[in-house]
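First the structure, in the form of structure tokens, and then the observations on it.
Numbers for residues simply follow the sequence, beginning at 1.
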Amino acid sequence: MYRILVFITLSDNGIEIIKSTPELPKKEMEFINLWKEQNLLESFYISVSRKDAVLVFKDTDKARCKEMIEILPYFPYMSEIDYHELNKQF
């Protein structure tokens, strides 16, 4: 089963902006919840520091994942985004 794992790191400056703008996390979670409802997002993790996130997408390809990540409200504050194509074994 094909999956795309996306590992995101926020910039230090971005974290400060996000913390000082309460609307941003709400808008970000609207996308996360929508993708979950659409059965595109299989898993979503946030690090304890809240600087990193891991998203696991299914039923989509890498190009589409990139498009989806780029529309997120947090996108301008991301310092690193890694995409990994995986085959789920179990």
Side-chain angles (χ1 to χ4, degrees):
M1 293 185 277
Y2 182 77
R3 300 287 189 266
I4 305 287
L5 182 141
V6 183
F7 187 87
I8 298 169
T9 300
L10 298 174
S11 68
D12 292 333
N13 184 45
I15 291 172
E16 295 307 315
I17 293 169
I18 290 165
K19 285 180 180 178
S20 66
T21 314
E23 309 86 50
L24 276 174
K26 291 176 186 175
K27 289 179 181 177
E28 184 86 357
M29 286 309 296
E30 287 176 10
F31 284 97
I32 300 300
N33 289 326
L34 175 64
W35 296 339
K36 183 180 176 190
E37 289 171 17
Q38 293 174 336
N39 209 28
L40 294 172
L41 186 63
E42 182 175 82
S43 299
F44 176 60
Y45 301 90
I46 301 175
S47 67
V48 174
S49 69
R50 305 193 70 74
K51 186 174 181 172
D52 303 303
V54 175
L55 296 85
V56 180
F57 290 94
K58 62 180 184 175
D59 300 330
T60 191
D61 61 22
K62 187 176 177 180
R64 177 70 179 124
C65 282
K66 286 183 177 186
E67 291 172 0
M68 293 166 65
I69 296 299
E70 290 174 4
I71 64 171
L72 289 171
Y74 285 11
F75 181 72
Y77 311 109
M78 296 175 186
S79 63
E80 192 173 335
I81 308 167
D82 295 313
Y83 298 88
H84 301 274
E85 297 173 272
L86 306 171
N87 280 311
K88 185 174 180 179
Q89 300 300 306
F90 60 88

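With values rounded to the nearest 0.5 angstrom, E28 atom CD is found 4.5 Å from L72 atom CG. Remark: S47 OG to L10 CG distance equals 8.5 Å, nearest 0.5 Å. To the nearest 0.5 Å, atoms CD1 (I71) and CZ (F31) are separated by 4.5 Å. To the nearest 0.5 Å, atoms CD1 (I15) and NZ (K51) are separated by 5.5 Å. For the atom pair E85 CD and R3 CZ, the distance stands at 13.5 Å (nearest 0.5 Å).
Distance alone, capped at 3.5 Å, places no donor-acceptor pair between the E42 side chain and the L40 backbone. A distance-only check finds no donor-acceptor pair linking the side chain of T21 to the backbone of E23 [under 3.5 Å].
The two atoms that bring P73 and Y77 nearest to each other are O-CE1, 3.7 Å, heavy atoms only. The shortest heavy-atom contact between I18 and Y74 is CG2-OH, 3.3 Å.
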Would I4 and H84 count as a side chain to side chain contact (heavy atoms under 4.5 Å, CB included) here? Give the steps.
CA-CA 6 Å; I4 305 287; H84 301 274; over 6 Å; no
I'd like a table of donor-acceptor pairs (distance under 3.5 Å, sequence neighbours excluded) in which one partner is a side-chain atom from residues 56-70, with atom names and distances.
| residue | atom | partner | partner atom | Å |
| --- | --- | --- | --- | --- |
| K58 | NZ | N39 | OD1 | 3.3 |
| D61 | OD1 | A63 | N | 3.4 |
| D61 | OD1 | R64 | N | 2.8 |

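A search for side chain to side chain donor-acceptor pair (under 3.5 Å) contacts involving T9 returns D52, not counting sequence neighbours.
In this structure, the side chains of F7 and I81 stay at 4.5 Å or more apart for every pair of heavy atoms.
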